[in-house]
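All remarks here apply to the structure that follows.
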Amino acid sequence: DGGITQSPKYLFRKEGQNVTLSCEQNLNHDAMYWYRQDPGQGLRLIYYSQIVNDFQKGDIAEGYSVSREKKESFPLTVTSAQKNPTAFYLCASSIPRDGYTFGSGTRLTVV
Amino acid sequence: GQQVMQIPQYQHVQEGEDFTTYCNSSTTLSNIQWYKQRPGGHPVFLIQLVKSGEVKKQKRLTFQFGEAKKNSSLHITATQTTDVGTYFCAGWPYNDYKLSFGAGTTVTVRA
């Protein structure tokens with residue numbers, strides 16, 4: 001079955017640590033996106049990529065980094081520069097101007 | 001920049017009643033999409049509207065795209081407990097490569 005897989009489902013980060021969230025899709029979609037969702041809030045765009053080896057900052061890119069070396073993969077690194085990283089992180093993919101397919105998300109908590 | 005505004009933010013509905021959520025864009029859209037996020041889950045694509053004045057139905061849900069392609073609505077009739085969740089509208093501007101999400105309407109149902 002085609003879809004998007006995010007891992008891990010839950011992640012705990014210590015202060016000052018970098019952590020990487022995985023996002024893999026087998027839908028053959030060119031575009032991939034990372035969103036952050038805080039409790040009771042909407043979706044805020046962190047980074048997006050329209051094609052392999054290219055990505056753009058979204059609205060809240062500070063403290064985050066991404067790479068897009070393969071069409072199937074778009075990992076997100078939450079760096080120590082992100083002062084308030086506790087949130088629900090959602091990865092999505094799409095073909096141009098079509099609906100997004102979201103992964104099941106990663107809940108990141110700072111301990 | 002592109003903004004999609006969605007109202008109301010919260011909707012408390014008696015089971016069996018109808019309700020409507022509204023979405024307005026500051027610019028003309030090539031299409032508008034609706035998503036549903038159940039509590040604890042991830043957004044799931046419901047539908048896409050492309051044509052001016054388009055109306056689509058999915059069982060008790062009716063989606064409408066405005067004549068000017070700048071606004072949309074979702075109307076749910078005879079609300080059930082399975083309708084609980086947050087409904088997001090998302091517009092795709094002509095001059096952009098990504099969706100612009102509204103803040104969502106969170107629906108709770110009183111049995």
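Here the structure is a predicted model, which means the values were calculated and not measured.
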Contacting region of [X] [heavy-atom separation from chain A under 4.5 Å]:
| X | result |
| --- | --- |
| Gln37(B) | side chain |
| Tyr97(B) | both |
| Leu46(B) | neither |
| Ser30(B) | side chain |

Check: Tyr89(A) ring centre within less than 6.0 Å of Tyr35(A) ring centre: no
Tyr10(B) backbone acceptor or donor facing Thr105(B) side chain under 3.5 Å: no
Can you tell me which portion of [X] sits under 4.5 Å from chain B's heavy atoms? Options are side chain, backbone, both or neither.
| X | result |
| --- | --- |
| Thr101(A) | neither |
| Tyr48(A) | side chain |
| Gln37(A) | side chain |

Row check, Phe88(A) ring normal vs Arg107(A) NZ/CZ: under 6.0 Å, within 45°: yes
Asp18(B) with Arg60(B): basic N within carboxylate O range, under 4.0 Å: no
Residue pair His29(A) / Ser93(A), side-chain donor-acceptor N/O under 3.5 Å: yes
